[in-house]
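Mind having a look at this structure? Questions to follow.
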2 protein chains.
Amino acid sequence: MSKSSVIEAPRTAAQAVGCCPPLSGAVLEVSQAVTAAAMFKALGDPVRLRIFSMIASSPGGELCVCDVLDVGVSQPTVSHHLKKLREAGLLTSRKEGTWVHYAVSPGVLGALASLLQLPA
Amino acid sequence: MSKSSVIEAPRTAAQAVGCCPPLSGAVLEVSQAVTAAAMFKALGDPVRLRIFSMIASSPGGELCVCDVLDVGVSQPTVSHHLKKLREAGLLTSRKEGTWVHYAVSPGVLGALASLLQLPA
DNA sequence: TCCTTGAATCGATAACTGTCGATATAAGGA
DNA sequence: TCCTTATATCGACAGTTATCGATTCAAGGA
């Protein structure tokens, strides 16, 4: 193990969602709907969506937790939301010394966007 | 009022979301996050996501409620989910005689997809 | 070794959500 | 007018969630 260990998301949700046809292409299978809904649900809280937006739009592509602490809720609540986003497969985390950096899971934005594609 | 009256969504959520930069472009304002999160939240339930998918992928672009009743939950629950999707601005409904037809709100898919756009 | 700091976990609580059966409403047909 | 059919609403209930303060854990630094 290297010095900065990576805490993986439980499953690669991006792959699971990337597999699916666009919503307007065919009816989602139940298992696909469960995975995709979990990701939408994670983005379905205003505080969490803003945290995700902060990380997604950060110049380096990742953000220290300490830079996410000014969203209007307490530190334990921020930690709780980051955990939810990671469990949904939307974020990955990387520990470096005392700090933890979060980044958007690769492929996840594209997978969700293609799920919402317009009909041809 | 014409014979087939249109039940509008409370607000045109597509416009409100379409106004926003991509998530990876800039941090969402609080008010933008509230509106966008409401739409993601509505898609954040597996049953609801499947209902939305059925309507979005239907050939005519709209679907009678009676064609959505086989998703594994009771009729009142389907009605409840359709109401949630309409209140989030994702669906519009049109009454025609005894039947009610639901369709995807115009612009909503594109607005959400552009919100999830990848960084340039 | 002790202290400080960043982050996660714990326990509690109020609010919300998905689901159902029962009922109401509304439109059409006999 | 009465019955049937399509949706919506009501009331209830079990499960989930967002939030907090208090605490714990982990990594450095003095």
Side-chain angles (χ1 to χ4, degrees), chain A residues 1-7 9-10 30 33-34 37-52 54-55 62-88 91-103, chain B residues 1-10 30 33-34 37-52 55 62-88 91-103:
Chain A
M1 255 210 289
S2 65
K3 186 182 175 185
S4 63
S5 62
V6 172
I7 307 171
V30 173
V34 169
M39 306 183 74
F40 284 128
K41 186 176 191 177
L43 296 177
D45 177 89
V47 173
R48 215 148 49 209
L49 184 57
R50 243 164 72 82
I51 291 174
F52 185 80
M54 289 176 67
I55 295 170
E62 66 174 20
L63 219 50
C64 171
V65 174
C66 57
D67 290 324
V68 192
L69 291 179
D70 56 342
V71 287
V73 294
S74 69
Q75 177 267 321
T77 301
V78 169
S79 190
H80 165 76
H81 283 314
L82 287 170
K83 186 180 184 180
K84 281 289 182 79
L85 287 166
R86 184 160 44 79
E87 286 175 345
L91 295 180
T92 59
S93 64
R94 183 175 63 84
K95 193 165 188 178
E96 190 174 315
T98 315
W99 296 274
V100 177
H101 299 263
Y102 280 82
Chain B
M1 254 210 289
S2 66
K3 186 182 175 186
S4 63
S5 61
V6 173
I7 306 172
E8 297 268 12
V30 173
V34 169
M39 306 182 74
F40 284 128
K41 186 176 190 176
L43 296 177
D45 176 89
V47 173
R48 216 146 52 209
L49 184 58
R50 244 164 71 83
I51 291 175
F52 184 80
I55 295 170
E62 66 175 20
L63 219 51
C64 172
V65 175
C66 57
D67 291 324
V68 192
L69 290 180
D70 56 341
V71 288
V73 293
S74 70
Q75 177 267 322
T77 301
V78 169
S79 189
H80 164 76
H81 283 314
L82 287 169
K83 185 180 185 181
K84 282 289 183 77
L85 287 166
R86 183 159 45 79
E87 286 176 344
L91 294 181
T92 60
S93 63
R94 183 176 63 83
K95 193 166 188 176
E96 190 175 315
T98 315
W99 294 274
V100 178
H101 298 262
Y102 280 80

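Remember, predicted model here, so these are calculated numbers, not experimental data. Note on naming: letters A, B, ... go to the chains in the order of the sequence lines (proteins, then strands), and numbering restarts at 1 for each one. As a basis for the values below, the full set of heavy atoms in this structure was taken, side chains included, without hydrogen atoms, waters or symmetry mates.
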Item to check | Heavy-atom pair with the smallest gap, counting every atom of B/Val47 and B/Asp45 | outcome: N-OD2, 3.0 Å
Checklist entry - Base, sugar-phosphate, or nothing: which does A/His80 touch, judged by heavy atoms less than 4.0 Å apart? => result base
Checklist entry - Nearest to the side chain of B/Val65, which nucleotide is it out of D/dT7, C/dA7, C/dC20? => result D/dT7
Item to check | Rounded distance (Å) that lies between atom C1' of C/dG18 and atom CG of B/Leu49 | outcome: 16 Å
Checklist outcome for this item: B/Lys84 has its side chain closest, among D/dA8, C/dA7, C/dT17, to C/dT17
Checklist outcome for this item: Walking DNA chain D from its 5' end, the first of A/Pro76 and A/His81 to be reached, judged by nearest nucleotide, is A/His81
Checklist entry - Is the phosphate of D/dA8, meaning OP1 or OP2, less than 4.0 Å from a side-chain N or O of B/Tyr102? => result yes
Checklist outcome for this item: All heavy atoms of A/Ala33 vs all of B/Leu49, minimum pair found to be O-CD2, 3.7 Å
Item to check | Short side-chain N/O contact to C/dA26 OP1/OP2 from B/Thr98, under 4.0 Å | outcome: no
Next on the checklist: Could you tell me how far apart A/Glu96 (CD) and C/dA7 (C1') are, to the nearest whole angstrom?
Outcome noted: 15 Å
Item to check | A/Lys83 vs C/dA7: side-chain N/O to OP1/OP2 distance below 4.0 Å | outcome: no
Next on the checklist: Whether B/Thr77 contacts C/dT19 is assessed here as follows: a side-chain N or O lying under 4.0 Å from the phosphate OP1 or OP2. Is that the case?
Outcome noted: no
Next on the checklist: Tell me whether the side-chain N or O atoms of A/Gln75 pair up with the base of C/dA8 as donor and acceptor below 3.5 Å, since no angle test is needed here.
Outcome noted: yes
Item to check | Phosphate-side-chain proximity, A/Lys95 and C/dG6, N/O vs OP1/OP2 below 4.0 Å | outcome: no
Next on the checklist: Taking 4.0 Å as the cut-off, does a side-chain nitrogen or oxygen of B/Arg48 come that near to OP1 or OP2 on C/dT17?
Outcome noted: no
Checklist entry - In whole angstrom, what separates B/His101's NE2 from C/dA27's C1'? => result 13 Å
Next on the checklist: Please find the pair of heavy atoms, one from A/Lys95 and one from A/Val100, that lie closest to each other, and give the distance.
Outcome noted: CG-CG2, 4.2 Å
Checklist entry - Touch check for B/Val47, heavy atoms < 4.0 angstrom, all strands: base, sugar-phosphate only, or nothing? => result sugar-phosphate
Checklist entry - Quick one: is A/Lys41 getting a side-chain N or O under 4.0 Å of the D/dT17 phosphate, OP1 or OP2? => result yes
